[in-house]
**Q** 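This structure is in structure tokens; I'll ask about it shortly.
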Amino acid sequence: MAPRSRRRRHKKSPSSVAPVVETPPTAVAPVPLILSKPGPSIDSLGFFSLENNVPGLSQLILQKLNMKSYEEYKLVLDGGTPVSGFGYRCLEEMFQKMEDTFRFCAYCKALPSGLSDSKVLRHCKRCRNVYYCGPECQRSDWPAHRKVCQELCLVAVDRLMEWLLVTGDFVLPSGPWSWLTEVVQGWDTWFSMRCLQLDDTLDAVLNSQAMTTLWASVRRPRPDPDVLKGSLKRLLTDVLSRPLTLGFGLRALGINVGKVGGSTVHVVGASHAETFLTRPGDYDELGYMFPGHLGLHVIMVGVDVAAGFSQSTSASLLEPGTVQLSGHRGLYHDFWEEQIETGQMAHPDLVVAFHPGFHASPDLMEAWLPTLLLLRDYEIPTMITVYSHQELAASLQILVDLDTHITAYGANPFASLKPEQVYSNPNKQPVYCSAYYIMFLGSSCQLDKRQLEEKVNDRV
Ligand SMILES: [Zn+2]
Ligand SMILES: [Zn+2]
């Protein structure tokens, strides 16, 4: 019970622990942090990950389509008749409108509406991802743009290829792992294990009608098969990064998933994008990582958890070998008081926050503080992920200042390999979702106290 009052009394005291890393002068927030990455749902992923490039774009598209929901949009793609009318005449027009949202001069930031009649925005011939109002701007921008042009070329392809996830034409390979789970420590080994199955899947997608339709609709030449395969693989890592990162956390923190009654993972700060249309089965890959597990319950908790997302049923027993996905709409510390403290639900075995972004602004820090202190004081194994090395450094500093006992941090072996462009500033180095992780367990002060007690006991 103590943690709550302790939480309230908490005042940031000067840390007695030497900072692990220096805070960089400016903490970067390369991707809008409030709109966190889309969840594991294959269908919603493609659609909502657009938000990373253009915040609000998914809503914008729905609005332009005069549709109330993603379901309705999907219905149209499947050839059905929308209830509220269809704003675009064809797929081509929709892709065009999407591309229009990227049309501004990367150097002088001019929008098409701000240009004189004689000028048009033309894209960089190499990456087809940034626009210029004229050769002067392009020349002036090149020293900055040359560093990211190649990576942005991949971004431009991935952005289009994501539609195959939206439409369900790219279905990820699934099924129990054929290798010993200890062998699969990262993407290299994961890809080697899935290699045969994956080759068939990728070939089927490359030869699909959906692929032909896509490239016929986007007003640019269809890239080589190798380029398209590379893109599909990056998209795959983007979808599976979340479940496998949870698995990585369970492994790294040495959590026993062979517990009778099952194990529970909370994804805290889960957003609408992460849960909207997330279906049971989307986290199966996590289950395959732990053959013989006795049930895994993943609960998404956040104020923006999609309304329709399956609400957590308190005392439901987990079937051995199954992964259950559910959600709770609300703040984490409220959820804790209502569900955990009352004993309706068990303490989580692991808590994960994908890109909490508390380093980015005082407002976000204020929102996260009660949760961070609760997790620290209840000694819950916790993992957070961040987009970049700068964010890693800034977040570590904050956690050190909060006296959390950091157990590990570093590069995530299951980070998304899909580069994310900073939409409003395309020449910024692209980032990768869950590129780095930090794990903490309890308080560094408590540890000191325990060590002290041990010493005292030794003397007695
Ligand atoms: Zn310009
Ligand atoms: Zn370029």
Side-chain angles (χ1 to χ4, degrees), residues 28-32 37 46 49-57 60-61 92 94-165 211 214-235 237-238 387-390 415-433 435:
V28 289
V31 179
K37 268 296 291 173
S49 61
L50 291 165
E51 292 277 349
N52 285 311
N53 297 331
V54 191
L57 183 61
L60 185 89
I61 290 168
E92 193 175 345
M94 192 178 66
F95 280 119
Q96 191 56 45
K97 292 279 182 211
M98 267 174 56
E99 193 55 33
D100 283 351
T101 64
F102 287 83
R103 263 180 229 270
F104 59 89
C105 178
Y107 190 70
C108 72
K109 313 292 178 202
L111 289 163
S113 57
L115 297 178
S116 62
D117 290 347
S118 59
K119 279 188 165 183
V120 284
L121 290 166
R122 292 189 198 284
H123 61 234
C124 164
K125 291 273 184 296
R126 293 182 180 87
C127 66
R128 292 173 172 269
N129 203 343
V130 295
Y131 287 83
Y132 295 104
C133 66
E136 304 79 35
C137 273
Q138 180 157 21
R139 252 198 309 275
S140 310
D141 197 46
W142 182 242
H145 181 60
R146 66 193 291 269
K147 297 183 192 124
V148 291
C149 182
Q150 223 174 356
E151 224 168 340
L152 289 183
C153 185
L154 306 179
V155 174
V157 174
D158 292 354
R159 189 161 72 226
L160 297 168
M161 293 285 277
E162 278 187 324
W163 287 97
L164 300 172
L165 288 169
M211 186 71 96
L214 172 74
W215 290 102
S217 310
V218 296
R219 293 191 196 174
R220 59 168 286 183
R222 175 175 167 149
D224 292 339
D226 282 352
V227 173
L228 296 178
K229 271 194 188 183
S231 174
L232 288 172
K233 284 185 177 177
R234 286 192 297 277
L235 293 174
T237 65
D238 200 47
Y387 287 105
S388 67
H389 197 266
Q390 289 98 319
S416 168
L417 304 181
K418 181 168 85 71
E420 301 289 341
Q421 175 186 351
V422 183
Y423 168 65
S424 55
N425 190 357
N427 287 332
K428 226 173 194 172
Q429 194 65 43
V431 291
Y432 296 83
C433 288

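Remember, it's 1-based here, ligands and their atoms both numbered in the order they're listed.
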**Q** Taking atom OH of Y107 as the centre, does the number of heavy atoms from other residues, nucleotides or ligands within less than 6.0 Å exceed 12?
**A** no

**Q** Side-chain atoms of residues 220-231: list all donor-acceptor pairs with protein atoms under 3.5 Å, sequence neighbours left out, distances to 0.1 Å.
**A**
residue	atom	partner	partner atom	Å
R222	NH2	L206	O	2.9
K229	NZ	D203	OD1	3.1
S231	OG	D158	OD1	2.7

**Q** Does the N427 side chain pair with the main chain of A144, one donor and one acceptor, at a distance under 3.5 Å?
**A** no

**Q** What angle, to the nearest 10°, do the atoms SG (C133) and SG (C108) form about the Zn ion (ligand 1)?
**A** 110°

**Q** What angle, in degrees and rounded to 10°, do you get at the Zn ion (ligand 2) when you join it to NE2 of H145 and to SG of C127?
**A** 100°

**Q** Give a rough value, rounded to 10 degrees, for the angle at the Zn ion (ligand 1) between atoms SG of C105 and SG of C137.
**A** 110°

**Q** I want to check something: taking the side chain as every heavy atom from C-beta on, are Q138 and R122 in contact at a cut-off of under 4.5 Å?
**A** no

